Amino acid sequence: MALNRETDFGTPQKDGPLVSLTIDGVRVQAPRGTSVMAAAAKAGTQIPKLCATDSLEAFGSCRLCLVEIEGRRGAPASCTTLVEEGMVVATQTQRLVDLRRGVMELYISDHPLDCLTCSANGDCQLQDMAGAVGLRDVRYGQDGAQHHTIGKDESNPYFTFDSSKCIVCSRCVRACEDVQGSFALTIDGRGLGSLVSTGGADFLSSECVSCGACVQACPTAALNEKSVVDMGTPTRSLLTTCAYCGVGCTFRAEMQGDKVVRMVPSKEGKANEGHSCVKGRFAWGYATHKDRIVKPMIRAAITDPWREVTWEEAFSYAANEFRRIQNTYGRDAVGGITSSRCTNEETFLVQKLIRVGFGNNNVDTCARVCHSPTGYGLKTAFGTSAGTQDFSSVEESDVIILIGANPTDAHPVFASRMKKRLRDGAKLIVIDPRRIDLVRSAHVEADHHLPLLPGTNVAIINALSHVIVTEGLIDEAFVRERCDLQDFEVWARFIAQPHNSPEETEKLTGVLAGDVRAAARLFATGGNGAIYYGLGVTEHSQGSTTVMGMANLAMATGNLGRRGVGINPLRGQNNVQGACDMGSFPHEFSGYRHVSDDATRDMFENMWGATLSAEPGLRIPNMLDEALEGRFKGIYIQGEDIAQSDPDTKHVTRGLENMECVIVQDLFLNETAKYAHVFFPGSSFLEKDGTFTNAERRISRVRKAIAPLAGLADWETTLGFAGALGCDMHYDHPGEIMDEVAQLTPTFAGVSYDKLDALGSLQWPCNAQAPEGTPIMHVDRFVRGKGKFMVTEFVPTDERTGPRFPLILTTGRILSQYNVGIQTQRTQNNVWHPEDVLEIHPFDAEQRGLREGDLVALLSRAGEVSLHAHISERMQPGVVYTTFHHASTGANVVTTDYSDWATNCPEYKVTAVQVQRTNRWSDWQEEERRSSGLMRVIAGKADSGKADAAE
Amino acid sequence: MSAEKLVRMANQIAVFFASQPEAGAEAGVADHIRSFWNPVMRRQIYAHLDQGEKGLDPLALRALNLLRQSDPAARSEM
Ligand code: SF4
Ligand code: SF4
Ligand code: SF4
Ligand code: FES
């Protein structure tokens, strides 16, 4: 596949009525608002340019793009001149040629002439433009005031800044402001002395978040990927989807042979529109990290060293073990976990294998521990388990409620889109115990920050609704037409009760009643109101109730069924939505249909030629409980690290220890693999074909860029295991698996690889009614018919603070690391987050005599770990915070097994803890360090079993 | 799974449905447990009913007694 560069139209594409004009004698049509430059580019004429690129509004500084327009004096810049009806444009006259050469001469006189050895050779717009304008010599000397002498800034691990190559076009500055919204760069000085500046610091210590937008925008080698500097320019490319977060950015994997040179965000991606974050853009090196396990391995006991075997031997050993276990302990003694990091097709196969090959419904997925309450809550209210909008909908929001989500860290590209809308005037209400970045950052400030106590989401959502109901702010027309009125009346009576008033809930939430009232009025009256939320909503004992409460709020204010509104879960991992859609839950087939539904089960039984159980299977926590009681003995885990990611680590590992055959399929020997008997080496997203479904229900293609390192892609591994179990499944390509999904799942009926190739991506439901997918759901009616208001009584969690554990711990993530860190820690992202730290308010720190950086013990009733303290006013007194990215910290040793009432999603966000100074690592951490290597030894490999290289 | 844990889960579900309109509360709890708990868990909680129902919220108890009458899991072997 060739290196297909995307066309740069110079200025952004516009929608609008068409205008006719003539460019170089050719009649052209372009939407009103389009620049002459973009109209020409669309018609195939590239007008020379340097300061313009179509990710940015025109700036008009380089004067290279001059054109002549009949009836106008001078030579206007085509990037800043908009098309007009009847305009007659000439792009190439002798006068223009002379003018452009003059401009280029000036640029080149201040530029080193080392093109042949420059890292951007062949990929440099300055070079291209010199060619395009026919520059042959430069009249000015090379010894004026120049940028040549300033050294390179190589502080960022992924890109360099070489100001000698800078032409001060300010594209980088504008990209950082407009696209990323970080405002990390400025142009200092004037004229020839002007320079790009990171505000006195180097890139690494500046406000830069390493999104790469400036690097992409830079026309020269001034900002250049280090991988390009090292390897040279790429020679082929293909489109694929980022495998990190639920935004699901589309990237061009740019390669040389079988080596990835760089990942460049694609304009064609509707989720990201050409933007990216540090993870997807730069942190892909884990895929070829030396720690990758590329041979299947088995061992009889977890205390034995691993033994490398052939795939056949691994499959037959695993299958024999599973059959032995089922013969001894019963059919239900085994189960499996699908992965939100794997493709839809792989997930679908694993659940099929479990339902057909294992003969039970003991399948669950990591969504259990993150967004299962979203599924339950939204299905109850609207009839479907998914967010209601596409990402671009935010462009039309007027008031945004952001609750329990920190998108600048966890969903950075969506955060950039949201920040853009906020800079353009939308209002923001942040509901979060912490002062997250969006409460106040460059050019963005929340109108209201409601800093509630963790665990009181339902109370605050009820209080907002109370104000809306009691102050007559209901959208009555919407409710009357779209919602079940009987339910509404019950709810309205409930919510109007005094105990739901802001004045009463203030005692629970700690948020001032006046602030809640003001926020509610703003949301109800401020125009299009949208709710965005994350795991700070779901990972609570009342997670599902909060989701229903938000649905009530949106229905009551008429904020559903059009652009700019809606309820939008920000999903954690890349394919959480997809894993749920594909039938990974023990009670549901694909498309969220209960296993007890006879008609659905018949359809699956006919297609699969097997008898399927009509009873829900075990959920992850239930499997572990059953294991502890000796009834559950074998588990097949694809791409999930429950020993690190799931709560109450000790409970998890005791459960795993009690099993007789644990199969782990992963890229690395993760924490869970320490308890495994069979290891199937996994394949990274670069090594396989498939699809991911992002948080906006968008199905995008993952394309194989390189051959699987271990010889098999994950879907092929599942097929191999299934075959050894005697469960014959045959597919030649993942596209055939998607065809089966489409046949069995009404919301996917219209999805196929051909259509995905043609349209780029599809948002389900995609079927006869919506052949090109559904960006906005519930437009004329809710999927369930009438919207259902639910009574959402606040119930405090059983997890209470007290004298022993007086603080509340809440957990979260940061930008540079991803989930359990197994991927990002094998990249240079560690420069930003080498360890998990405990954020604590100065008041709490002082009471405990803590100083910045002290080692502290964090204790709960579940366990104890030690980590370093970071004193921060982002916290409120009484609440501490940490991330769970590093296995050595073991943050989940202290979280408990309390969970959401409806779905058992763990209550990660509320744990009663104590914090005290210490001078030692906890016993759990010491034991971990001691045993960690021993449990990972591979026979015959001298350097195996050393503590995890990434740690 | 320990009876204590099952009781806590059943009670949590009951607390939610207790706040719903009265007519549906019992059926709501029963239906939720029938839909999401696998037969092993249901059998275990029925066994707990036989052993004195300790710790169960009254609504959870009523719902479980109701569910048990129609639940095939209540009759089959473990
Ligand atoms: S670093 Fe690149 S994008 Fe920025 S001003 Fe210089 S040449 Fe332009
Ligand atoms: S990498 Fe992103 S955040 Fe950093 S300076 Fe460039 S555009 Fe700004
Ligand atoms: S991690 Fe998320 S935001 Fe970042 S590039 Fe990947 S999909 Fe996009
Ligand atoms: S491209 Fe138009 S002025 Fe620079």
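Note that this is a predicted model, so its numbers are computed, not measured. Letters go in sequence order (proteins before strands), and every chain restarts at 1.
Within the 4.5 Å cutoff, side-chain heavy atoms of B/Pro39 are placed close to those of A/Glu615. At a threshold of 4.5 Å between non-hydrogen side-chain atoms, the residues B/Trp37 and A/Arg619 count as touching. Side-chain contact between A/Gln542 and B/Gln12: absent, with no pair of heavy atoms (C-beta onward) separated by less than 4.5 Å.
If you measure heavy-atom distances from A/Met623 to chain B, you find no contacts under 4.5 Å at all. Looking at A/Asp487, there are no atoms closer than 4.5 Å to chain B (heavy atoms on both sides), in backbone or side chain. Using a 4.5 Å cut-off between heavy atoms, A/Ser541 contacts chain B through both its backbone and its side chain. Only the side chain of A/Asn362 comes within contact range of chain B, judged by heavy atoms closer than 4.5 Å. For chain A, the nearby part of B/Arg42 is the side chain; its heavy atoms alone come within less than 4.5 Å. For a residue to count as touching a neighbouring chain, one of its non-hydrogen atoms must lie under 4.5 Å from one of that chain's; by this rule B/Phe16 touches chain A with the side chain only.
For a heavy-atom cut-off of 4.5 Å, chain B lies close to A/Met790, A/Val791, A/Glu793, A/Val795 in residues 786-796 of chain A.
Atom CZ of A/Arg861 is surrounded by more than 12 heavy atoms from other residues, nucleotides or ligands within 6.0 Å. With a 6.0 Å radius and a threshold of 12 heavy atoms from other residues, nucleotides or ligands, A/Gln486 has its CD atom at or below the threshold. Applying the 6.0 Å contact sphere to CD of A/Glu657 captures more than 12 heavy atoms from other residues, nucleotides or ligands.
Taken to the nearest 0.5 Å, the CG atom of A/Asp900 stands 10.5 Å off from the CE atom of B/Met9. Taken to the nearest 0.5 Å, the OH atom of A/Tyr898 stands 10.5 Å off from the NZ atom of B/Lys5. Going from atom CG of B/Asn38 over to atom CG of A/Asp332 covers 7.0 Å, rounded to the nearest 0.5 Å.
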Stepwise side chain to side chain contact (heavy atoms under 4.5 Å, CB included) check, A/Phe494 with B/Gln20: CA-CA 10 Å; A/Phe494 155 77; B/Gln20 302 306 305; over 6 Å; no
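Contacts of B/Phe17 classified as ring pair (Phe, Tyr, Trp, His ring centres under 6.0 Å), with partners at least two apart in sequence or in another chain: A/Trp901.
What you find for B/Ser35 and A/Pro616 is that their closest heavy atoms are O-CG, 3.4 Å.
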